[in-house]
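Let me begin by presenting the structure, written as structure tokens, before commenting on it.
Order of the sequence lines fixes the chain letters, A, B, ..., with proteins taken first and strands second; residue numbering starts at 1 for each chain. Since this is a predicted model, take the numbers as computed values, not measurements.
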Amino acid sequence: MSRNLEEAKFSVISDINKIFKENNYPILPIDENPIQGDISIICFPGAQALKKSPQEVAKNVSEMIYDIELIKETFVVKAFCNIVLDWELLSEDIFADINLSEYGRGVSKANSILLEHTSANATGPFHMGRARNPIIGDSVSRLLKYYGYKVSTEYYVNDTGRQAATVAYGIKNFKGGDSNKQDHRLVECYRQASEALKSDENIKSKIYKKMELIESGDKEALMEVKEAAEMMLSGMKSSLKRLNAEADSYFHESDLILDGSVNVVIKSLKKSNICAEEKGAFYLNLEGKNIAGRNQKFFFTRNNGLSLYTTRDIAYHLNKFTRFNKALNILGEDHKLQSNLLNIALEELDSNKPDNLFYSFVNLPGGKMSTRAGRVVYLDDMMDQIVGASLERLKEVDMSDNQKRLLSEKIGIGSLRYNVLKVQPEKGFTFSIDDALSIQGDSAPFAMYSHARMSSILRKYGESIPDFKLESDLVESEIELIRTMARWPKTVESAVDKFAIHIIPNYVHQLSSKFNNFYRDCKVIGDTNEALRINLVNTSKRILFDALDILGIEAPDRM
RNA sequence: GGGCCUGUAGCCUAGCCUGGAAGGGCGUCUGGCUUCUAACCAGAAGAUCCAGGGUUCGAAUCCCUGCAGGCCCGCCA
């Protein structure tokens, strides 16, 4: 009989409940992932009814159940009756399951998902605060794909409005900086144009005139901002590429004006019965909608009848749902209200609504990250630094310079991603370069190193993975490793459930750590259990590789 | 004024949805490389789980009230 761990636990638990019933015992709560053992029966609640102390109940329970099939032993700690399963019996079955090449992957789903991430305004290089978005977005998309969804990622390019017009004006009229990276060079144009906008009425009116042309659908003006945004974006895209997080497609806001879909939105929203008008500008009246704050009017046109950012966002989402069944947005927490408003509008238009994953902002020690105040750590600089630090660590390793360069890139970028991903998105964090550069313990290099050890063993073994038979008792660290591997599919499932990507790094660390314990205790090559242990190494390696891949981290075979 | 999020050892963090025995990591101290890779491993010290109240046999977890920090409340994007 083949069974995975879930099924084994289920069978044991139903046997336990059967025994409770037969003996007229109250049904006691059961912890399926206890601190000690594989299953734990919590005996506090039965105490009163049975007129016994919780400890006595636990002892009693342990005597009642110890000969259930698959239970190897039971031991009582306080009021917990802990059960250890018979891993000698189970491991072959569980292993057969783990050995399947699709182990952990979800079955292919019918739904297609458009995952929008990053969508930073094309006004200059990414800073670390913004970098949380592509890293989370890219990894969540990998996670959802692993689980069986068809996922496509998209970057929404805000190339209309004042900022975009200012960028276009700046690129046309000012000289850039001297960096050889496009976005770092062009951001100087934008800075100067922004300054001029503030101090020079003439330039201000030029930019605002351009803005109006853009919003009214003037083709030439639209092409101009679109091209300017493209220029800036080309530099930003190369940062994303280095981060291993480039989007599959880029959607230009300007196209929504160009193709008239914004006007369709305005027309439809005007038919809504919560639509009202004030001095020529139209809005949805939100009174009674339980939306936060002082402002109960959600404007979707200016008094000149032209669209606002939100209006175009509505059009964008309608567009998304013509292409995909579902939409998921990765957004900074500052977009929460905005997204509520969007949802209300979509509801008025009878449209589907997107799911959202919000993340908190990244601070620097001492306060907010702000480009304007010059308190800023650029993503590009951070990647250089962390890759440099990784290269430094490889100094003594016997490898060609080129190999070291490639490897340090993987390690550095992996560390950066891991550090961002291991924290719950809704938790704000203060970005410390020192912490980011500290790459031991719960980090990408720890996992990568474990993976390299696995590869090394298999490389030395040199033959194809053998069949195995259990010839002696498993040692504790082997069981622990199997236990951890057995938890992988559940881990993926719960991460998908809540879009909780931080669960994956957590698992990666556990698996790596358990493997390192196994490595310490168990000689693989040349041992009497060689065949089994090669299998253990092989499956751990595959799971670790997959898990790291979800995080967008490349698992090296040597380091 | 209002809404949302966060608060766990010196520092960072998991656990909170679905209540049951507080997990990791950094840093500190001690020890381990002629043995499949020491970016590793073992051991030690370190926690009024922000505060107070409630529900419960049982609360870091659920409810209420505070406190502290973040974000937001424009005919900007």
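- In terms of the ring pair (Phe, Tyr, Trp, His ring centres under 6.0 Å) criterion, A:His335 has no residue partners (sequence neighbours excluded).
- For the C1' atoms, the distance from B:rG46 to B:rA51 is 23 Å, rounded to whole Å.
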Name the pairs: protein N/O against N/O of nucleotides 40-47 of chain B, kept only if under 3.5 Å.
unit_1: B:rC40; atom_1: O3'; unit_2: A:Asn516; atom_2: ND2; d: 3.3
unit_1: B:rC40; atom_1: O2'; unit_2: A:Arg453; atom_2: NH1; d: 3.0
unit_1: B:rC40; atom_1: O2'; unit_2: A:Arg453; atom_2: NH2; d: 3.4
unit_1: B:rC41; atom_1: O3'; unit_2: A:Asn517; atom_2: OD1; d: 3.4
unit_1: B:rC41; atom_1: O3'; unit_2: A:Arg520; atom_2: NH1; d: 2.9
unit_1: B:rA42; atom_1: OP1; unit_2: A:Asn517; atom_2: OD1; d: 3.2
unit_1: B:rA42; atom_1: OP1; unit_2: A:Arg520; atom_2: NH1; d: 3.0

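- In terms of heavy-atom proximity, A:Asn356 sits nearest to A:Ser339 at ND2-OG, 3.2 Å.
- Out of B:rA39, B:rA77, B:rG24, the shortest distance to the side chain of A:His509 is found at B:rG24.
- For the salt bridge (Lys or Arg N to Asp or Glu O under 4.0 Å) test, no residue two or more places apart in sequence or in another chain qualifies with A:Glu333.
- With sequence neighbours left out, the side chain to side chain donor-acceptor pair (under 3.5 Å) criterion links A:Ser438 to no other residue.
- Qualifying side chain to side chain donor-acceptor pair (under 3.5 Å) partners for A:Arg405, counting only residues two or more places apart in sequence or in other chains: A:Asn402.
- The aromatic ring of A:Phe44 is not stacked on the base of B:rG58, since the criterion of ring centres less than 5.5 Å apart with planes inclined by under 30° is not met.
- Sorted by first and then second residue, the salt bridge (charged side-chain N to carboxylate O under 4.0 Å, His left out) pairs with a member in residues 522-537 of chain A read A:Glu478-A:Arg533, A:Asp527-A:Arg533; sequence neighbours excluded.
- With distances taken from any side-chain atom of A:Val423 to the nucleotides B:rA14, B:rC75, B:rC5, the minimum falls on B:rA14.
- A close approach under 4.0 Å does occur between a side-chain nitrogen or oxygen of A:Arg302 and OP1 or OP2 of B:rC76.
- Partners of A:Lys514 by salt bridge (Lys or Arg N to Asp or Glu O under 4.0 Å), not counting sequence neighbours, listed by chain and number: A:Glu480.
- Listed pair A:Lys460 / B:rU37 meets the phosphate criterion, a side-chain N or O lying under 4.0 Å from OP1 or OP2.
- Of the two residues near RNA chain B, A:Gly161 and A:Lys78, the one whose nearest nucleotide lies more 5' is A:Lys78.
- Applying the 4.0 Å criterion to OP1 and OP2 of B:rC36, one finds that A:Ser456 has every side-chain N and O outside that range.
- In terms of position along RNA chain B, the nucleotide closest to A:Ile35 lies nearer the 5' end than the nucleotide closest to the other residue of the pair A:Arg459 and A:Ile35.
- Under the rule for a ring pair (Phe, Tyr, Trp, His ring centres under 6.0 Å), the partners of A:Phe251 that lie at least two apart in sequence or sit in another chain are A:Tyr316.
- In this structure, of B:rA21, B:rC36, B:rA77, it is B:rA21 that holds the atom nearest to the side chain of A:Gln36.
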Pairs under 3.5 Å (N/O, protein and nucleotides 15-18 of chain B):
unit_1: B:rG15; atom_1: OP1; unit_2: A:His502; atom_2: NE2; d: 3.1
unit_1: B:rG15; atom_1: OP2; unit_2: A:Gln424; atom_2: NE2; d: 2.8

